[in-house]
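Protein chains get the first letters and strands the later ones, always in sequence-line order, with residue 1 at the start of each. When reading the values below, keep in mind they use all heavy atoms of this one structure, side chains included, and skip hydrogens, waters and symmetry mates.
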Amino acid sequence: MMEKVYNPHDIEDKWYKFWIKKNYFTADNESKNQPFSMVIPPPNVTGSLHMGHALNNTLQDIMARYKKMSGFNSLWVPGTDHAGIATQNVVERELAKEGLDRETLGREKFIERVWKWKEQSGGIIIEQLKRLGCSCDWSRQRFTLDEGLSRAVREVFVRLYNEGLIYRDNYIINWCPRCKTALSDLEAEHEEIQGHLWHIKYPLADGPGYLTVATTRPETMLGDTAIAVNPEDERYQKYIGQYVILPIVEKKIPVIGDAYVDTSFGTGVLKVTPAHDVNDFEIGKRRNLETVKVIDDDGRMNENAGHYQGMDRFECREKIIDELNNKGLLENIEPYALGVGKCYRCKTVVEPSLSLQWFLKMKPLAEPAIAAVRDHRIRIIPEMWEKVYFEWMENIRDWCISRQIWWGHRIPVWYCDHCNKMYVSVEDLTKCDSCKGKLRRETDVLDTWFSSGLWPFTTLGWPANTKDLKVFYPTALLITGFDILFFWVARMIMMGLKFMGDVPFREVYIHALVRDAEGKKMSKSKGNVIDPLIVIDQYGTDAFRFSLAMLAAQGRDILLSEERIEGVRNFVNKIWNASKLSLSFIGNYESQSNHRQSSFLPDRWIRSRTQKMVRDVSESIEGYRFNETASIIYNFVWREFCDWYLELIKPNLYGKVTAFDSEATRTTLYLTLCDILKVLHPLMPFVTEEIYQRLPVKDHESIMASNFPYFNESELDEDSEDRMDIVMGIIDVVRNIRGETGIAPNVKVDVIIRGGDRTSLLKEYEYYIKELARIEQISFTADVAPDQSAVGVYHEIEVFVPLKDLIDVSKELSRINKEIAKIDEDCRRLKQKLDNPSFREKAPQEVIEKNQANYDEYLRKREKLLASKNLLENLSRS
RNA sequence: GGGCGAUUAGCUCAGAUGGUUAGAGCGCUGGUCUCACAUACCAGAGGUCGUUGGUUCGAAUCCAAUAUCGCCCACCA
């Protein structure tokens with residue numbers, strides 16, 4: 001017995017376990033079926049499911065299930081990312097609670113601790129993905145730091161090093177003083193803040209006078225080793241070669257000429273701090289300037305900062321300004337908006353700092369990756385993201401891949417402190433080949449994104465030559481958010497091409513961000529986060545997934561509101577109840593072998609409509625237009641199947657009408673219900689399985705194993721659709737009159753129809769028209785219009801509802817007037833178009849004909865309405 | 001500084017290669033507990049598609065400007 005209201009709670013878990021037990025998620029690399037593979041964007045082990053994951057994985061699951069049902073050997077590889085900095089931070093916070101820190105614990109103990117944490121809390125998100133219904137192949141689950149992947153990372157590092165693509169160098173990198181590590185350019189998020197441009201006087205070393213420098217970062221002046229002017233700048237040319245006294249430090253530094261200096265910015269004089277600014281570093285290299293670091297790894301001033309040593313960099317800024325001011329060296333303060341980089345993990349302002357780091361040369365890797373997208377070996381959808389991709393790839397800079405943290409892939413490099421030899425090796429090393437001295441291993445680890453960049457092939461077993469790689473690489477599709485297009489997607493493309501010699505995926509579908517109902521980004525600090533798991537508890541997974549799909553229009557952010565989900569919850573309930581009714585009609589229906597073509601018009605109509613629905617659903621899924629998929633199904637099920645079809649077959653299946661073959665109707669109903677469940681399954685896996693299992697006859701033991709409906713042209717039936725349009729149209733006309741003139745639903749009316757050559761069709765379906773429009777009696781006439789009636793016109797057919805006491809003449813008159821006014825407006829527009837000679841000349845014949853036909857019909861309809869209107873007006877006068 | 005996107009009903013959004021009477025959900029108005037569903041049913045109101053030009057027989061749809069909002073990238077201190 002089915003409940004009156006669908007209750008998702010027990011059902012979801014039951015079926016998920018069932019699918020697991022049946023191994024439906026496990027791909028078979030021996031299968032003869034065409035493969036369809038995806039790798040999951042591995043969520044961070046620190047993470048718990050948020051809306052972004054929910055959307056991302058719902059869309060992937062829709063594709064995985066759809067492809068599986070469409071006969072593909074569908075593989076969806078799951079896994080998690082070790083998320084270096086993020087995870088280390090989490091565990092460090094835990095340690096802090098115990099009054100510990102990683103330094104006192106030591107590297108080995110600390111890493112043990114992180115692993116322990118990972119085992120205990122790192123799996124949460126996987127369980128959450130299961131609640132979302134994800135059909136991942138859990139037997140192939142990977143972790144970016146597991147043994148196989150670690151091996152692959154080393155392999156890649158060594159190969160890239162041997163090819164000269166990985167190098168170690170001193171360069172300005174983004175340093176996070178809180179995480180105490182270098183970051184890549186992408187990991188520093190730029191933010192505009194209101195700051196100042198300080199104008200500082202640098203006295204000339206020889207003689208009176210000074211040059212004024214404008215800077216946003218006065219604290220770095222302690223590390224200045226020159227000031228620069230543009231050699232073309234007539235104001236300052238003469239100073240080139242002279243010296244100034246660096247204030248506070250009281251050191252002589254040269255005035256140099258460099259074309260980099262913009263004469264129109266600030267004072268046209270630039271302070272050069274090679275150790276704390278990229279451009280200054282470049283100038284310094286060109287001019288052989290000394291580099292003086294003044295800020296330490298923890299963001300405090302160091303020993304080169306004189307009496308500022310030990311002071312926080314921002315406090316130092318204030319104090320330096322005071323000191324300069326006291327010395328009369330502060331000329332001016334200008335408000336100025338500047339961009340500062342912040343650590344993407346902890347939001348601390350990063351310090352550009354000269355540092356010895358490992359880098360990966362990007363240009364040689366980027367070129368083939370650009371080509372792959374340019375010639376569409378990889379298709380990025382929506383296309384606009386291609387431009388963004390190209391823009392970044394064409395201006396790519398070398399990637400700082402080393403991190404000074406402990407949690408991650410330790411760089412496979414060993415140093416001999418005796419003979420200064422360096423080894424890069426896949427295998428662990430202990431002794432120096434030449435001097436037999438003990439080797440010291442590099443302490444840095446790799447950027448987390450280094451290993452995730454290898455994800456599509458390392459998860460399939462690389463560097464071993466596995467069957468999985470052979471069958472499932474390149475993967476078919478990657479679904480991800482635009483926020484990691486550079487971090488992840490671009491790097492996978494480069495690495496895939498480099499190490500597999502082929503693209504990592506053929507298509508990339510980029511989806512938008514999930515925002516709150518007001519369009520704001522969801523964040524904990526704003527308190528506007530909607531927790532997917534609470535939504536699931538409240539409305540069920542199916543309603544949640546369908547909502548996400550429904551809102552997932554390409555290229556636009558998704559605004560999620562609770563009302564929206566509630567609406568879909570109602571839809572799930574509608575499906576439940578429609579199925580309940582359908583199942584009661586189908587009864588113990590035995591097999592499809594007695595499949596009879598029905599002659600009952602609604603049967604023929606619904607089958608024809610079903611075919612079009614199935615076709616449109618497939619097309620929209622293939623085109624990643626998930627919102628379209630959802631609304632096609634929504635409208636079909638609710639409007640066509642429930643509101644019309646089920647209502648129309650009731651008389652037959654309740655036995656009120658016996659003129660039609662009710663077995664054929666039951667067959668039709670059964671087939672249509674099956675089709676609905678199947679097209680819905682990728683979006684709503686649970687409720688569809690639950691209902692499917694209740695079918696008296698199933699073609700498979702699970703809906704997951706059944707076949708996605710295919711477009712069956714032989715069931716298309718335009719003639720039946722046309723005839724149904726007439727039946728529905730007549731019912732609509734009566735309902736409109738009823739509604740507009742205020743006849744209560746429980747009051748039946750009589751109706752007179754002048755049906756012309758459609759009379760026999762309407763007579764045949766008279767009973768159904770009566771039922772759906774709540775009519776007591778229909779009389780058909782060929783005569784003139786009856787007077788004292790409300791009138792409605794559908795094509796050539798006129799429908800009269802005698803007024804009796806039911807209808808207020810004035811209401812009916814205003815209804816007719818409204819309708820005539822609308823027709824007049826439409827006619828005016830159509831006539832204008834049709835009277836235009838160049839329209840008749842240049843528009844396609846078919847468009848002209850259609851417009852003409854519309855126009856003619858409007859005129860006829862208008863005439864009929866007018867006749868009735870006149871009758872009513874006479875009546876109301878008399 | 002460069003690039004991208006958005007602007008359609010009160011709200012949130014659909015409208016792929018130009019030819020509709022511009023759609024949906026929620027909300028709103030009126031009427032119904034009609035034997036699957038009140039998480040429902042029936043009817044209705046509501047839009048000169050940001051602005052201005054242009055291309056075209058025809059523009060919400062293509063082009064160009066402009067305004068407002070949002071995002072991304074960027075080594076002018």
Side-chain angles (χ1 to χ4, degrees), chain A residues 2 4-6 172 185 190 197 213-217 220 228 260-262 264-267 269-273 277-282 336 338-339 352 384-385 387-388 391-392 395 397 482-483 485-486 513 517-519 539 550-551 553-561 563-564 566-585 620 623 625 627-628 631 634-635 642-643 646-647 650 654 732 735-746 771 773-774 822-823 825-826 829-830 833 836-844 846-848 850-851 854 858:
Chain A
M2 288 169 81
K4 194 169 173 178
V5 172
Y6 173 64
I172 300 279
D185 294 329
H190 290 274
L197 202 51
V213 155
T215 180
T216 56
R217 302 207 50 202
T220 63
Y260 168 77
V261 180
D262 180 350
S264 63
F265 187 90
T267 58
V269 184
L270 173 72
K271 68 192 254 326
V272 185
T273 323
D277 184 279
V278 185
N279 296 306
D280 294 5
F281 178 75
E282 294 294 343
Y336 185 72
L338 70 152
M384 116 204 177
W385 293 108
K387 281 187 229 153
V388 179
E391 173 67 22
W392 190 72
N395 298 301
R397 286 180 295 152
F482 64 81
D483 49 333
L485 181 60
F486 307 141
L513 234 57
E518 271 82 51
Y539 300 102
M550 200 161 203
L551 294 167
Q554 285 188 4
R556 207 198 267 243
D557 285 342
I558 295 171
L559 274 58
L560 192 69
S561 67
E563 293 88 73
R564 199 79 190 213
E566 194 178 309
V568 176
R569 188 268 321 262
N570 296 351
F571 177 52
V572 179
N573 191 241
K574 187 77 181 177
I575 293 163
W576 179 254
N577 275 289
S579 301
K580 182 169 124 188
L581 177 68
S582 300
L583 289 171
S584 79
F585 284 153
S620 60
R625 297 187 301 273
N627 61 318
E628 217 174 291
S631 63
Y634 185 98
N635 285 315
C642 292
D643 291 348
L646 288 180
E647 293 305 325
K650 278 177 182 175
Y654 281 135
D732 279 339
R735 283 173 170 177
N736 175 264
I737 293 171
R738 294 183 58 115
E740 289 275 280
T741 56
I743 301 172
N746 53 4
E771 279 294 301
R774 306 201 62 77
K822 192 170 180 316
I823 289 174
E825 174 56 26
D826 290 337
R829 204 177 24 231
L830 279 171
K833 196 189 268 191
N836 183 345
S838 46
F839 172 73
R840 303 203 85 98
E841 199 180 310
K842 292 182 179 165
E846 138 199 337
V847 173
I848 297 172
K850 199 173 149 200
N851 277 284
N854 281 345
Y858 276 135

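Between A:K842 atom NZ and B:G18 atom P there is a gap of 18 Å when expressed in whole angstrom units. For the pair A:L583 CG and B:C37 C1', the interatomic distance rounds to 14 Å; values are reported in whole Å. Between A:M550 atom CE and B:G25 atom C1' there is a gap of 7 Å when expressed in whole angstrom units. Separating the CG atom of A:D483 from the C1' atom of B:C71 is a distance of 12 Å, rounded to the nearest angstrom. Rounded to whole angstrom, the span from the CD atom of A:E846 across to the C1' atom of B:U20 amounts to 14 Å. Straight-line distance from the OH atom of A:Y654 to the P atom of B:C35: 9 Å, rounded to whole Å. One interatomic measurement links the two molecules: CZ of A:F839 to P of B:U56, which rounds to 17 Å at whole-angstrom precision. Rounded to whole Å, the distance from CG on A:L646 to P on B:A36 is 10 Å.
Candidate nucleotides B:A36, B:U20, B:C57 were compared by shortest atom distance to the side chain of A:E647, and B:A36 ranks first. When the nucleotides B:C76, B:U21, B:C73 are ranked by their closest atom to the side chain of A:N854, B:U21 comes out on top. Nearest to the side-chain atoms of A:A578 among the listed nucleotides B:A77, B:A36, B:G25 stands B:A36. When the nucleotides B:A74, B:C37, B:G5 are ranked by their closest atom to the side chain of A:M384, B:G5 comes out on top. For A:Y858, counting side-chain heavy atoms from C-beta on, the closest listed nucleotide (B:A77, B:U21, B:C73) is B:U21.
A:P844 comes within 4.0 angstrom of a nucleotide base, judged by non-hydrogen atoms across all strands. Base engagement by A:V261 is indicated by at least one non-hydrogen atom pair under 4.0 Å involving a base atom. Backbone-only engagement by A:R829 is indicated by non-hydrogen atom pairs under 4.0 Å involving sugar-phosphate atoms exclusively. Base engagement by A:D262 is indicated by at least one non-hydrogen atom pair under 4.0 Å involving a base atom. Within the nucleic acid shown, A:E771 has no heavy atom closer than 4.0 Å to any nucleic acid atom. Residue-level contact check: A:A744 touches the backbone only, with heavy atoms under 4.0 Å from sugar-phosphate atoms and none from bases. Residue contacts shown for A:Y336 are limited to sugar-phosphate atoms, with no base heavy atom under 4.0 Å away.
For the pair A:K822/A:D826, a side-chain contact is recorded, criterion being any heavy-atom separation below 4.5 Å from C-beta on. Within the 4.5 Å cutoff, the side chain of A:R217 has no heavy atoms near those of the A:T273 side chain.
Look at the C1' atom in both B:G27 and B:A9: the space between them is 11 Å, to the nearest Å. Distance noted for atom C1' between B:U66 and B:U7: 13 Å (whole Å). Nucleotides B:C41 and B:C35 place their C1' atoms 14 Å apart, quoted to the nearest Å. Here, B:C49 and B:G30 have their P atoms 30 Å apart, quoted to the whole Å. Taking the P atoms as reference points, B:A22 lies 23 Å from B:U12, given to the whole Å. B:G47 and B:A6 have their P atoms separated by 25 Å, given to the nearest Å. Across B:A65 and B:U29, the matching P atoms stand 46 Å from one another, rounded to whole Å. Taking atom C1' on both B:U61 and B:U8, the two are 12 Å apart, rounded to the nearest angstrom.
Every residue meeting the side-chain hydrogen bond (donor to acceptor under 3.5 Å, both in side chains) condition with A:T220, not counting sequence neighbours, appears here in chain and number order: A:K271. Residues satisfying the side chain to side chain contact (heavy atoms under 4.5 Å, CB included) test with A:F265, not counting sequence neighbours, are A:L197, A:D262, A:Y336. Partners of A:N577 under the side-chain hydrogen bond (donor to acceptor under 3.5 Å, both in side chains) rule, at least two apart in sequence or in another chain, are A:N573. Applying the ring-ring contact (aromatic ring centres under 6.0 Å, His included) test to A:Y858 and every residue at least two apart in sequence or in another chain returns nothing. For A:F839, the ring-ring contact (aromatic ring centres under 6.0 Å, His included) test picks out no residue, with sequence neighbours left out. Scored by the side-chain hydrogen bond (donor to acceptor under 3.5 Å, both in side chains) test, A:R625 finds A:E628 as partners (sequence neighbours excluded). Partners of A:E740 under the side-chain hydrogen bond (donor to acceptor under 3.5 Å, both in side chains) rule, at least two apart in sequence or in another chain, are A:K818. Partners of A:R735 by side chain to side chain contact (heavy atoms under 4.5 Å, CB included), not counting sequence neighbours, listed by chain and number: A:W644, A:I731, A:D732, A:L772. Considering only residues two or more places apart in sequence or on other chains, A:F486 meets the ring-ring contact (aromatic ring centres under 6.0 Å, His included) condition with A:W392.
With hydrogens and angles disregarded, no donor-acceptor distance shorter than 3.5 Å links the side chain of A:R774 to the backbone of A:N746.
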Task: Footprint string (nucleotides 39-49 of chain B, 5' to 3'): B base within contact, S backbone only, - free, heavy atoms under 4.0 Å - done: BSSSSSS----
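Scanning both residues, A:R840 and A:I848, for their nearest heavy atoms gives O-CD1, 3.3 Å. Between A:K580 and A:K4, the closest heavy-atom pair is NZ-CA, 3.6 Å. Across every non-hydrogen atom of A:V213 and A:L270, the tightest pair is CG2-C, 4.4 Å.
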Open item on the list: Let's test your reading of the pairing rules: Watson-Crick or G-U wobble, both distances under 3.5 Å, then write RNA chain B as a dot-bracket string with ( ), [ ], | and dots.
Closed with: (((((((..((((.....[...)))).(((((.......))))).....(((((..]....))))))))))))....
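Comparing A:S838 and A:K822, the nucleotide of RNA chain B nearest to each residue sits closer to the 5' end for A:K822. Looking at which nucleotide of RNA chain B each of A:F486 and A:K271 is closest to, the 5′-most match is held by A:F486.
A donor-acceptor contact under 3.5 Å links the side chain of A:K650 to the base of B:A36. Between the side chain of A:E391 and the base of B:A74 there is no donor-acceptor pair of N/O atoms closer than 3.5 Å.
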Polar atoms only, N or O, under 3.5 Å: list the protein pairs with nucleotides 14-16 of chain B and their distances.
unit_1: B:A14; atom_1: OP1; unit_2: A:R556; atom_2: NE; d: 2.5
unit_1: B:A14; atom_1: OP2; unit_2: A:R556; atom_2: NE; d: 2.5
unit_1: B:A14; atom_1: OP2; unit_2: A:R556; atom_2: NH2; d: 2.4

